There are 2 protein chains.
Amino acid sequence: MSRPTIHDVARVAGVSLSTVDRVLNGRVGVREGTQLRVAEAMRTLGYERNVAAANLSRRRQYRLRFFLPSGSNSFMRGLEDRVRERMAVAGRDSTVIEVTTVPPFDAPALAAELRGLCADAVDGVAIVATDATAIRVAVQDLRARGIAVVTLVSDLPSSERQHFVGIDNVQAGRTAASLLGRFCRWRPGRIALVAGSMLVRDHVERRLGFEQVLRAEFPDQAIGATIEGLDDQDIVEERLRTILAEDPGITGIYSFGAGNRGVARAVSGLSPDRRPAVVVHELTHYSRDALLDGVFDAVIHQDDAREVDVAIRTLRALADGESPDGAAERIGVEVFLRDNLP
Amino acid sequence: MSRPTIHDVARVAGVSLSTVDRVLNGRVGVREGTQLRVAEAMRTLGYERNVAAANLSRRRQYRLRFFLPSGSNSFMRGLEDRVRERMAVAGRDSTVIEVTTVPPFDAPALAAELRGLCADAVDGVAIVATDATAIRVAVQDLRARGIAVVTLVSDLPSSERQHFVGIDNVQAGRTAASLLGRFCRWRPGRIALVAGSMLVRDHVERRLGFEQVLRAEFPDQAIGATIEGLDDQDIVEERLRTILAEDPGITGIYSFGAGNRGVARAVSGLSPDRRPAVVVHELTHYSRDALLDGVFDAVIHQDDAREVDVAIRTLRALADGESPDGAAERIGVEVFLRDNLP
DNA sequence: CTGAAAGCGCTAACAA
DNA sequence: TTGTTAGCGCTTTCAG
């Protein structure tokens, strides 16, 4: 009726509680035969350890640390807010969370921070990775010191991070093309691309996915001019204005970096009937307003609150030596229109 | 440094553990003055109860029960699968879950089941509601017996259910219009509507939202014929075929009931260049295939796995007398294209 | 009205 | 190699 406890296991195996505890936790100093008897008892009883009780007894604390880029990027600031919200209530799950911000795109700075971490002060870290060798090495170091590592939002492939919490950016690009292609279907033309920096892996992936789908499925839409806005709204605005003035055949815009405010300003200058369909990334205060004003048609989004939660759960599981449940914790590419805003 | 415990509170207030416990749990038999001293101590220490320890001590079990419609509706069967997945691992959170299926749209049957529930066998129930007075009364009864009640997927407004876990269907309809309007923007025509039954509240709401947006924002698209498919794929297929044959000006189809297979079959009979844009509800095995085949353009979805999780968390919180965190647990209207499928 | 003591399921010294 | 014992933070008898 109620779940079996170590007492039951001990009784059935004919040993003491401590012995059960030892084999349960894979500690040394138990004769092979005894181990087998205990394991057997567990199996027949269908024993499952009560994690809450174990944590209570052990006074277990999960000490986690988030490394986020500093700067004015709205998405990152939102992400930080979400982390701080979790910080405030993390005590309930016996975990303490800390945040460190580091200059964006500054691999040496991040690597230095990571190197400074002490294994008996932190159980796991979540990092918004910059794709650099220094970071890969730092991650390898952390793992060697027994610290769990997940990447958040931006991945670091072929490193020793144990998990990536974020969206598939190729899929995001494909989705954008799928939307824009349909939005412009009966009106052949060119779609302008606004990148942040093609040096950032996410942006390259988004563009790749976009081109794949647009080429294959929407031959009446060509890829027009591509501008690199460096995630700066003013640069984006100015270049985009120029392009739009030069080419009246632009039917759509896909912006896959930051600088949404620049896109909004450039587009809202146009007369409504000439306005192209616009798809951008990340739902923020600004992109939300642009959706509501009818300046943007769709926003491709990743759920930052969910990403933070998943990162926390994943790090806790990893710290306990469990393997996180990938499927359940997947972060999807979300699509927002004016009408399904949260 | 570590969180204060009732020991600390007791010491500061100059009382025993039991007294702290009594005021903590609002039990009777504590002099007013003592109560205040204890409350004061809690405040100054910033005491927060350790729920895990409390549940351990109390050997608390959350006993929850889901009532789902039986029948072949793919979405409901998927929902049931999700509940059963949770059942299997619920023990870890000291909760036991049971599922009861009842004939769909059969209010008396559901009401009878609910009436049979015993308060000392169940702490909370989640029901996929049928909008009927008998159910409202049954819910009132459950609440009177101290059982927590949430509605799932389909709400029962102005009843005593404590929470609704599901999407806003007006918003879903608006989103569909927003998509279809854009998909057909440069090609004036008529959009055909496929309802399940206009007797079901969800469907009425979806249609309402759809009309609102289509009328206001996409005047070049009229609302064409509306068919009532009774959630039966064969009926849907036949009627839709008729309509499509009669009216070559149909640019889009919005199907907001079940019967997706019927829609897919009717549409795939058309030559590709005459094919209307198609938006349907609920991502299932079938709608997924239709998306991949390019027969459907978009699917409006609600995340059933998430709904089940949220329902469980909400019921647990309600059973503890807490008020669930509405904002964090909101279920959004999701949009899937071929390219952002999970 | 208040307090002492036993115990929830598990872990961690410390003995044996 | 194994067992005994005292907690973790809280609840719950049962006395006082």
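Bear in mind the structure is a predicted one, so any value in this text is a computation, not a measurement. So that the names make sense, note that chain A is the first sequence line, chain B the second, and so on, each numbered from 1.
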Is the distance from OP1 or OP2 of [N] to the nearest side-chain N or O of [X] less than 4.0 Å?
| X | N | result |
| --- | --- | --- |
| B:Thr34 | C:dT2 | yes |
| A:Ser18 | D:dT2 | no |
| A:Arg49 | C:dG9 | no |
| A:Asn50 | C:dC8 | no |
| B:Asn55 | D:dC10 | no |
| B:Arg22 | C:dT2 | no |
| B:Arg27 | D:dT12 | yes |

Using whole Å, what does the distance between atom [atom2] of nucleotide [N] and atom [atom1] of [X] come to?
| X | N | atom1 | atom2 | result |
| --- | --- | --- | --- | --- |
| A:Ile6 | D:dT5 | CD1 | P | 16 Å |
| A:Leu17 | D:dG3 | CG | C1' | 9 Å |
| A:Arg11 | D:dG3 | CZ | C1' | 17 Å |
| A:Arg31 | D:dT1 | CZ | C1' | 6 Å |
| B:Asp21 | C:dA5 | CG | P | 17 Å |
| B:Glu48 | D:dC10 | CD | C1' | 15 Å |
| A:Arg60 | C:dA12 | CZ | C1' | 15 Å |
| B:Leu56 | C:dT11 | CG | C1' | 13 Å |

* Asked: Do A:Val139 and A:Ile127 come within less than 4.5 Å of each other through their side chains, counting heavy atoms only?
  ->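 Side-chain contact under 4.5 Å: yes.
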* To do: For the residue pair B:Ile312 and B:Asp93, establish whether any side-chain heavy-atom pair is separated by less than 4.5 Å.
  =>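 They are not in contact (no side-chain heavy atoms under 4.5 Å apart), so the answer is no.
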* To do: Measure from the side chain of A:Leu24, starting at C-beta and using heavy atoms only, and say which of D:dG9, C:dT11, D:dT11 lies closest.
  =>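 Closest nucleotide among those given: C:dT11.
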* Residue B:Ala53, side-chain heavy atoms: nucleotide from D:dT2, D:dC8, D:dC10 that is nearest ->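 Between D:dT2, D:dC8, D:dC10, the one nearest the side chain of B:Ala53 would be D:dC10.
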* To do: Inspect the surroundings of CZ in B:Arg136 and state if more than 12 heavy atoms from other residues, nucleotides or ligands are less than 6.0 Å away.
  =>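 For B:Arg136, atom CZ is crowded (more than 12 foreign heavy atoms under 6.0 Å).
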* In terms of side-chain geometry, is the basic nitrogen of A:Asp309 or A:Arg306 positioned less than 4.0 Å from the acidic oxygen of its partner? ->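 So A:Asp309 does not pair with A:Arg306 through a salt bridge.
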* Base, sugar-phosphate alone, or nothing: which one does B:Val15 contact when heavy atoms must sit under 4.0 Å apart? ->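 The answer is sugar-phosphate, as B:Val15 gets under 4.0 Å only of primed atoms, P, OP1 or OP2.
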* B:Ser16 or B:Arg59, whichever maps to the more 5' nucleotide of DNA chain C ->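 Closest to the 5' end, via its nearest nucleotide, is B:Ser16.
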* Asked: What is the distance from atom CG of B:Leu56 to atom OG of B:Ser94, rounded to the nearest 0.5 Å?
  ->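 Reported to 0.5 Å precision, the distance equals 9.5 Å.
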